[in-house]
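Data first, discussion second: the structure below is written as structure tokens.
Whatever order the structure lists them in is the order used to number ligands and atoms, beginning at 1. Reckoned from all heavy atoms, side chains included, excluding hydrogens, waters and symmetry mates. Treat the numbers as computed from the prediction; the structure is a model and nothing was measured.
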Amino acid sequence: MQTNKSITRKEFLKQLSWLIALPYALFAGLSFKQNSRVNRAKNIRIPLEINKGVTFRDGLIVVKEEESVQFLSSKCTHLGCRIYAVEQNELVCPCHGSKFSLEGKCTKGPAKEPLQKLKFKIDEIKNEYIVEIYK
Ligand code: FES
């Protein structure tokens, strides 16, 4: 059996339109993804005079020591449960028992990834930390 591989001009233009449209569709999808991440960013303000130790607040974990402070996302890297407990200097996820050091490093599974460290700035006029968190 012999097949005819020639196509009509209309079919050719139809296939060509897909080749032209595909890069635009990919670019549009990428732009939407980037914009949605930016739109999900939220700034949380925390007073500079927060207590030393570990504090759970507004979806984040504040670890303040004598000379340093760091902010971690309280979202567990296993399946996303909120972490709100510290036991023997480790952050403990209530869902499946993953544990993290106060620096966010995973010390016990099932989670494998560290907690997300959050960027922050200091507003010296209002005496607040401004922490950027993604919801
Ligand atoms: S969601 Fe935290 S250990 Fe599973």
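The number of heavy-atom neighbours closer than 6.0 Å to NZ of Lys126, taken from other residues, nucleotides and ligands shown, is 12 or below. In this structure, Glu49 places its CD atom where more than 12 heavy-atom neighbours from other residues, nucleotides or ligands lie under 6.0 Å away.
Checking Thr107, Val86, Leu91 one by one against Lys99, the side chain to side chain contact (heavy atoms under 4.5 Å, CB included) holds for a single residue, Thr107.
Contact detail for Phe100 and Cys106: the closest heavy-atom pair is CD2-CA, 3.6 Å.
Every residue meeting the side-chain hydrogen bond (donor to acceptor under 3.5 Å, both in side chains) condition with Arg45, not counting sequence neighbours, appears here in chain and number order: Asp123, Glu128.
The number of protein N, O or S atoms lying under 2.8 Å from atom 2 (Fe) of ligand 1 is 2.
The SG atoms of Cys95 and Cys76 are placed at least 2.5 angstrom from each other.
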